[in-house]
There are 2 protein chains.
Amino acid sequence: MARHREFDEDKVLDALRDVFWQYGYDGASYAQIMAATGLQKGSLYAAFGDKKALYHKAIARYDGDAVSGAVKMLKDDTLSGEQRISRLMDALIKDAETPQGRWGCLLCNAATDMSPFDSEIEDKVMAIKQRVKSAIKTALKTTSNPNATELVWAAYFGGRILIKAGATKATLRALKKQVLSVIA
Amino acid sequence: MARHREFDEDKVLDALRDVFWQYGYDGASYAQIMAATGLQKGSLYAAFGDKKALYHKAIARYDGDAVSGAVKMLKDDTLSGEQRISRLMDALIKDAETPQGRWGCLLCNAATDMSPFDSEIEDKVMAIKQRVKSAIKTALKTTSNPNATELVWAAYFGGRILIKAGATKATLRALKKQVLSVIA
DNA sequence: ACCATAATTGACCGATTGGTTAATAATAAG
DNA sequence: CTTATTATTAACCAATCGGTCAATTATGGT
């Protein structure tokens with residue numbers, strides 16, 4: 001018995017995710033958010049809440065697609081452990097030298113940008129991080145070095161940051177080779 | 001034939017470095033810069049230039065102490081290559097779970113915060129990064145795996161970010177162990 | 001003592017920040 | 001058609017952003 005929403009919630013959430021992904025929490029202004037979503041501040045506020053709430057939605061969105069996809073692959077037992085880590089590193093190489101790659105990883109960004117200031121975000125990010133690390137551990141179980149979780153995680157996390165900082169595909173390929181040699 | 005400077009330039013540069021280190025370029029407001037340096041905006045502008053110039057000074061300062069110290073150690077041929085990488089990772093462990101550790105690495109922060117937007121900063125950071133990677137390469141020359149530069153660099157860079165994201169000393173110790181096993 | 005020079009201060013600038021809200025528009029129920 | 005409910009818009013808010021500058025203060029040379 002009232003007016004309908006004019007926007008596509010899925011598209012708005014994707015746009016939210018992308019804006020915070022690119023610019024971070026502080027870096028994303030309402031001007032950019034409005035341009036990306038096509039909504040006015042008031043609509044955003046009414047539909048989702050304040051900026052922090054928008055950020056939470058963006059992280060949940062990222063968790064639901066990018067992260068979940070990676071976790072699923074890392075736990076896919078139709079692949080060998082080595083193959084799974086290889087694919088994980090391939091994802092890095094694929095993103096190097098691309099605009100999206102230079103956005104980094106939304107969760108890594110969130111972990112470094114916000115965590116000292118907002119405990120809710122910190123908890124959420126920490127939980128997702130643990131899920132990924134656990135998935136890496138699962139993948140490593142059948143390899144020659146099942147204790148390399150921290151190394152693989154640091155290399156992956158570090159690789160994302162390196163890409164953000166402008167590293168080339170060649171650099172990432174070298175990193176992959178060395179990581180694989182540890183677990184081969 | 002004119003008034004003297006009332007401030008200690010060394011202390012002001014240290015304060016500048018610390019503020020940008022903690023908060024990043026955008027995150028550091030003049031209110032914080034003024035509080036940390038004890039100077040008014042006008043004095044800062046007269047003495048050093050605008051905010052971007054202050055940031056350059058901060059990076060140069062960081063390069064001159066923290067980075068140069070690490071590079072010197074990595075090239076110290078009174079130590080074995082393995083010892084040098086061990087010490088590099090020890091520095092990470094020492095910083096984990098400390099306030100300063102959670103500031104991250106000023107250069108890594110600069111590389112990820114600013115590089116897409118300011119080519120001067122990008123060039124400067126890239127040059128310093130190459131110096132460190134080259135020092136790592138030198139240290140690795142006498143080890144069993146002289147091609148592990150990218151891995152060590154990614155682990156170090158990644159470790160810095162992990163610390164910023166709240167990783168424990170135990171996590172960093174595990175990372176160190178795994179890195180050393182690659183070059184032992 | 002006087003003056004030229006430089007350091008310092010604090011007020012002020014326009015622009016932008018995140019956030020709020022009254023007015024308007026659209027819809028479904030009665 | 002009328003009315004209650006909700007979505008949407010655009011104007012507005014105080015606070016803060018980086019930056020500027022005239023006025024003040026302190027110094028060394030003459």
Side-chain angles (χ1 to χ4, degrees), chain A residues 1-59 109-110 113-121, chain B residues 1-59 106 109-110 113-114 116-121:
Chain A
M1 51 178 178
R3 186 173 176 178
H4 298 155
R5 279 197 173 164
E6 293 181 359
F7 63 86
D8 178 337
E9 184 160 324
D10 269 346
K11 287 186 181 174
V12 167
L13 289 175
D14 279 344
L16 274 179
R17 178 201 56 200
D18 289 349
V19 172
F20 283 119
W21 190 353
Q22 280 185 78
Y23 303 109
Y25 178 76
D26 285 322
S29 71
Y30 264 100
Q32 291 170 316
I33 295 171
M34 287 160 61
T37 59
L39 296 181
Q40 299 291 332
K41 277 190 270 195
S43 295
L44 287 162
Y45 195 84
F48 305 108
D50 64 6
K51 194 181 177 186
K52 210 166 268 185
L54 298 183
Y55 192 60
H56 274 95
K57 296 279 182 191
I59 290 193
N109 298 350
D113 290 347
M114 288 271 299
S115 62
F117 315 114
D118 186 301
S119 65
E120 278 186 56
I121 291 285
Chain B
M1 49 178 177
R3 187 173 174 176
H4 296 155
R5 279 197 175 163
E6 292 182 0
F7 63 85
D8 179 337
E9 185 161 322
D10 269 347
K11 287 185 181 174
V12 167
L13 289 175
D14 279 346
L16 274 179
R17 178 201 56 201
D18 289 350
V19 172
F20 283 118
W21 191 353
Q22 280 184 76
Y23 303 108
Y25 177 77
D26 285 322
S29 71
Y30 264 100
Q32 292 170 316
I33 295 171
M34 287 161 62
T37 59
L39 296 181
Q40 299 291 331
K41 275 189 269 195
S43 296
L44 287 163
Y45 195 84
F48 305 109
D50 64 7
K51 195 182 178 185
K52 210 166 266 185
L54 298 183
Y55 192 60
H56 275 93
K57 295 280 182 187
I59 290 194
L106 176 51
N109 298 349
D113 290 347
M114 287 272 297
F117 315 113
D118 185 303
S119 65
E120 278 186 55
I121 290 285

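So you know, we letter chains A, B, ... as the sequences are listed, proteins then strands, and number each from 1. The shown structure was predicted, so the numbers you read here are calculated from the model rather than taken from an experiment.
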Is [X] close enough to [N] that one of its side-chain N or O atoms is under 4.0 Å from OP1 or OP2 there?
X: Tyr30(B); N: dG19(D); answer: yes
X: Ser43(A); N: dA7(D); answer: no
X: Gln40(B); N: dT8(C); answer: no

Do [X] and [N] share a donor-acceptor pair, side chain to base, under 3.5 Å?
X: Arg3(B); N: dT25(D); value: yes
X: Arg5(A); N: dA7(D); value: no
X: Lys41(A); N: dG19(C); value: yes

Rounded to whole Å, how long is the line connecting atom [atom1] of [X] with atom [atom2] of [N]?
X: Glu6(A); N: dA7(D); atom1: CD; atom2: C1'; answer: 7 Å
X: Leu44(B); N: dA6(C); atom1: CG; atom2: P; answer: 19 Å
X: Met34(A); N: dA11(D); atom1: CE; atom2: C1'; answer: 12 Å
X: Ile33(A); N: dT17(C); atom1: CD1; atom2: C1'; answer: 11 Å
X: Lys52(A); N: dT17(C); atom1: NZ; atom2: C1'; answer: 15 Å
X: Asp50(B); N: dC17(D); atom1: CG; atom2: P; answer: 17 Å
X: Tyr55(A); N: dG19(C); atom1: OH; atom2: C1'; answer: 20 Å

Stepwise, does the side chain to side chain contact (heavy atoms under 4.5 Å, CB included) test hold for Leu13(B) with Phe48(B)? CA-CA 10 Å; Leu13(B) 289 175; Phe48(B) 305 109; 4.2 Å; yes
Residues Glu120(A), His56(A); criterion side chain to side chain contact (heavy atoms under 4.5 Å, CB included); working and verdict: CA-CA 9 Å; Glu120(A) 278 186 56; His56(A) 274 95; 3.8 Å; yes
Both Tyr25(A) and Leu39(B) contact DNA chain C. Which one's nearest nucleotide lies toward the 5' end?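 Result of the comparison: Leu39(B).
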Tell me which nucleotide among [options] gets nearest to the side chain of [X].
X: Tyr45(B); options: dT20(D), dT8(D), dC17(D); value: dT20(D)
X: His4(B); options: dT27(D), dT27(C), dT9(C); value: dT27(D)
X: Lys51(B); options: dT17(C), dG18(C), dG18(D); value: dG18(D)

To the nearest 0.5 Å, how far apart are CZ in Phe20(A) and CD1 in Ile33(A)?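 So the CZ of Phe20(A) and the CD1 of Ile33(A) are separated by 4.0 Å.
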For Phe7(A) and for Ala28(B), find the nucleotide of DNA chain D with the closest heavy atom, then tell me which residue's nucleotide is more 5'.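 Nearest-nucleotide comparison on DNA chain D picks Phe7(A).
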Could you please spell out the steps behind the salt bridge (charged side-chain N to carboxylate O under 4.0 Å, His left out) verdict for Asp14(A) and Lys11(A)? CA-CA 5 Å; Asp14(A) 279 344; Lys11(A) 287 186 181 174; over 6 Å; no
N/O donor-acceptor pair under 3.5 Å between Lys51(A) side chain and Ala28(A) backbone: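 A pair under 3.5 Å: yes.
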